[in-house]
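Below: one structure, written as structure tokens.
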Amino acid sequence: MDRRSFLKTSALGGSAAAATTLAAPAYAQGKRTLTMVTSWPRGFAVLDDAATYFEEMVGAMSDGQLTIEKKAPGELVGAFEVFDAVSSGQADVYHTAEYYFIGQHPAYAYFTAVPFGATAQELTNWYLHGGGHELHTELGEIFNLKCFQCGNSGSQSGGWFRKEINSAADFNGLKFRMPGLGGKVLGELGASVQNIPGGELYQALSSGALDGLEWVGPFADERAGFQEVAKVYYTAGFHEPGSGLSAGVNLDVFNDLSPAHQAIIQNACMATTHTQLAETLANNGAALKRLQAQGVKTLQFPDDVWDAFGAASKKVMDENMDDELFAKVRGSFEESLASSSDWLLKSDGFYVEQRNRVLANG
């Protein structure tokens with residue numbers, strides 16, 4: 001007798017009825033390839049790096065039984081069409097920044113970044129230990145999606161400009177690229193805000209279609225070449241203090257995967273978030289020095305401009321509070337920030353301040 005058949009029969013007492021009762025759920029068998037559409041051109045630092053790492057990790061962790069076939073914008077759908085493509089089943093997975101899709105639901109902003117929101121660590125705290133992932137799941141189910149955080153670019157820069165910003169009035173009439181709720185804030189200050197895919201930004205800035213833009217940070221921005229067409233760079237911004245990326249899987253596809261493959265996707269996403277944040281932070285300092293060597297002037301916005309950002313941000317955030325799910329996500333997010341930020345300030349923040357003081361005096 002076949003040993004595996006004998007053990008199976010013995011364990012069930014030879015009962016066909018018991019075998020039927022204890023049968024495992026039916027999942028797709030054999031090797032599986034998922035088509036992933038992204039919002040990033042191939043080779044874009046940080047963002048496409050994250051999508052590529054996720055693709056490779058899924059294949060390695062599953063020993064090739066589950067693979068990802070990555071598609072850049074234009075290869076299947078456009079950069080801003082990935083959400084609809086996966087929701088409808090045209091593609092299996094997306095990798096994107098979900099604040100591109102606040103038109104679908106404003107709460108998606110929280111899973112990338114909101115004005116005066118979370119740092120990368122604070123976002124991770126909320127997502128993994130403050131209910132963020134559960135709310136992401138609740139939101140995704142509305143659109144037939146199963147979503148995970150899958151990358152973080154850290155604190156993003158204030159942006160590239162052709163001239164200095166000396167007051168909030170300087171934003172009036174400025175043609176500026178900024179997505180998400182941050183873009184709506186600049187709109188409150190009179191800017192003509194545009195949301196343009198990353199692959200089209202260099203041309204828009206060099207042609208004059210844009211007066212300025214924000215992208216990611218020194219490492220990614222240098223790779224994109226913005227220093228060739230603008231020389232004023234604000235290194236801190238109000239809009240994205242710790243920007244999360246997301247992988248969204250068509251819910252029907254996700255439910256059809258085995259529990260092991262579902263776990264691989266989830267853990268590959270967490271590995272991507274950790275690795276990509278480290279990649280960004282490890283490279284930004286050296287990239288900033290190279291930008292400065294090319295004549296880029298690095299500045300910070302004046303305090304009164306920050307105050308204007310704050311006043312406009314409160315107005316924009318409050319506009320969506322009549323949406324029950326938005327209010328629920330915002331409440332959870334802000335509760336987590338209040339819980340963790342005081343300790344971070346008293347520990348890491350104070351330590352860095354003292355380290356800089358002591359080493360400077362040494």
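Only heavy atoms go into these numbers, but all of them, side chains included; no hydrogens, no water, no symmetry mates.
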Taking [Y] as the starting point, is it possible to reach [X] by hopping between hydrophobic residues whose side chains are less than 4.5 Å apart?
| X | Y | result |
| --- | --- | --- |
| L345 | W126 | no |
| L251 | F83 | no |
| F238 | V216 | yes |
| Y53 | L281 | no |
| L277 | F44 | no |

Side-chain contact, heavy-atom cut-off 4.5 Å: [X] with [Y]?
| X | Y | result |
| --- | --- | --- |
| F116 | K314 | no |
| Q276 | S153 | yes |
| F254 | Q262 | yes |
| Q104 | D84 | yes |
| K163 | V232 | no |
| M270 | T273 | no |
| L288 | Y233 | yes |
| N320 | L181 | yes |

Q | Pair D348 + R355, salt bridge at N-O below 4.0 Å | A | no
(Q) Check this for me: does any side-chain nitrogen of one of K184 and E319 sit under 4.0 Å from a carboxylate oxygen of the other? (A)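 Salt bridge: no.
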Under 3.5 Å: donor-acceptor pair, side chain of [X], backbone of [Y]:
| X | Y | answer |
| --- | --- | --- |
| Q65 | S62 | no |
| E138 | E134 | no |
| R223 | G43 | yes |
| S332 | K328 | no |
| S207 | A204 | yes |
| D221 | P218 | no |

If I take atom [atom1] from residue [X] and atom [atom2] from residue [Y], how far apart are they, to the nearest 0.5 angstrom?
| X | Y | atom1 | atom2 | result |
| --- | --- | --- | --- | --- |
| L245 | T272 | CG | OG1 | 9.5 Å |
| S246 | Y94 | OG | OH | 6.0 Å |
| K70 | H95 | NZ | NE2 | 10.0 Å |
| L34 | D92 | CG | CG | 5.0 Å |
| L257 | D252 | CG | CG | 11.0 Å |
| S341 | E122 | OG | CD | 6.0 Å |

Determine whether the side chains of [X] and [Y] contain a donor N or O and an acceptor N or O closer than 3.5 Å.
| X | Y | answer |
| --- | --- | --- |
| Y99 | E240 | yes |
| T67 | T33 | yes |
| E98 | H136 | yes |
| S157 | E214 | no |
| T298 | Q292 | yes |

Q: Assess whether side chain to side chain contact (heavy atoms under 4.5 Å, CB included) is satisfied between C147 and F111, documenting all intermediate values.
A: CA-CA 10 Å; C147 303; F111 300 99; over 6 Å; no
(Q) Which label fits F301 and Y234: parallel for a plane angle under 30°, tilted from 30 to 60°, or perpendicular past 60°? (A) parallel
**Q.** Whether F226 and W215 hold their rings parallel, tilted or perpendicular, with breakpoints at 30° and 60°
**A.** perpendicular
(Q) Y110 vs F333, test: ring pair (Phe, Tyr, Trp, His ring centres under 6.0 Å). Steps then yes/no. (A) CA-CA 8 Å; Y110 281 94; F333 179 87; 4.8 Å; yes
Q) Which is it for Y202 and E228 under the side-chain hydrogen bond (donor to acceptor under 3.5 Å, both in side chains) test, yes or no, and what are the steps along the way? A) CA-CA 9 Å; Y202 180 92; E228 299 170 6; 2.6 Å; yes
Closest heavy-atom contact between [X] and [Y]?
| X | Y | value |
| --- | --- | --- |
| G187 | V193 | N-CG2, 3.6 Å |
| T96 | S39 | OG1-OG, 2.7 Å |
| P115 | V185 | CG-CG2, 3.9 Å |
| V229 | S206 | CG1-CB, 3.5 Å |
| A50 | C150 | CB-O, 4.4 Å |
| M36 | A51 | CE-O, 3.7 Å |

Step through the shown structure and confirm whether more than 12 heavy atoms of other residues, nucleotides or ligands are within 6.0 Å of [atom1] on [X].
| X | atom1 | result |
| --- | --- | --- |
| K231 | NZ | yes |
| E335 | CD | no |
| N356 | CG | yes |
| E324 | CD | no |

Q) Going through the checks in order, is the side chain to side chain contact (heavy atoms under 4.5 Å, CB included) test met by I265 and K146? A) CA-CA 11 Å; I265 287 177; K146 179 69 173 180; over 6 Å; no
Would you say the rings of [Y] and [X] are close, in the sense that their centroids are separated by under 6.0 Å?
| X | Y | answer |
| --- | --- | --- |
| F161 | F176 | yes |
| F171 | F309 | yes |
| F148 | F54 | no |

Q: Walk me through it: do I142 and L325 pass the test side chain to side chain contact (heavy atoms under 4.5 Å, CB included)?
A: CA-CA 11 Å; I142 299 172; L325 183 53; 3.8 Å; yes
**Q.** Audit row: F143, V86, side chain to side chain contact (heavy atoms under 4.5 Å, CB included) steps and yes/no
**A.** CA-CA 9 Å; F143 301 98; V86 175; over 6 Å; no
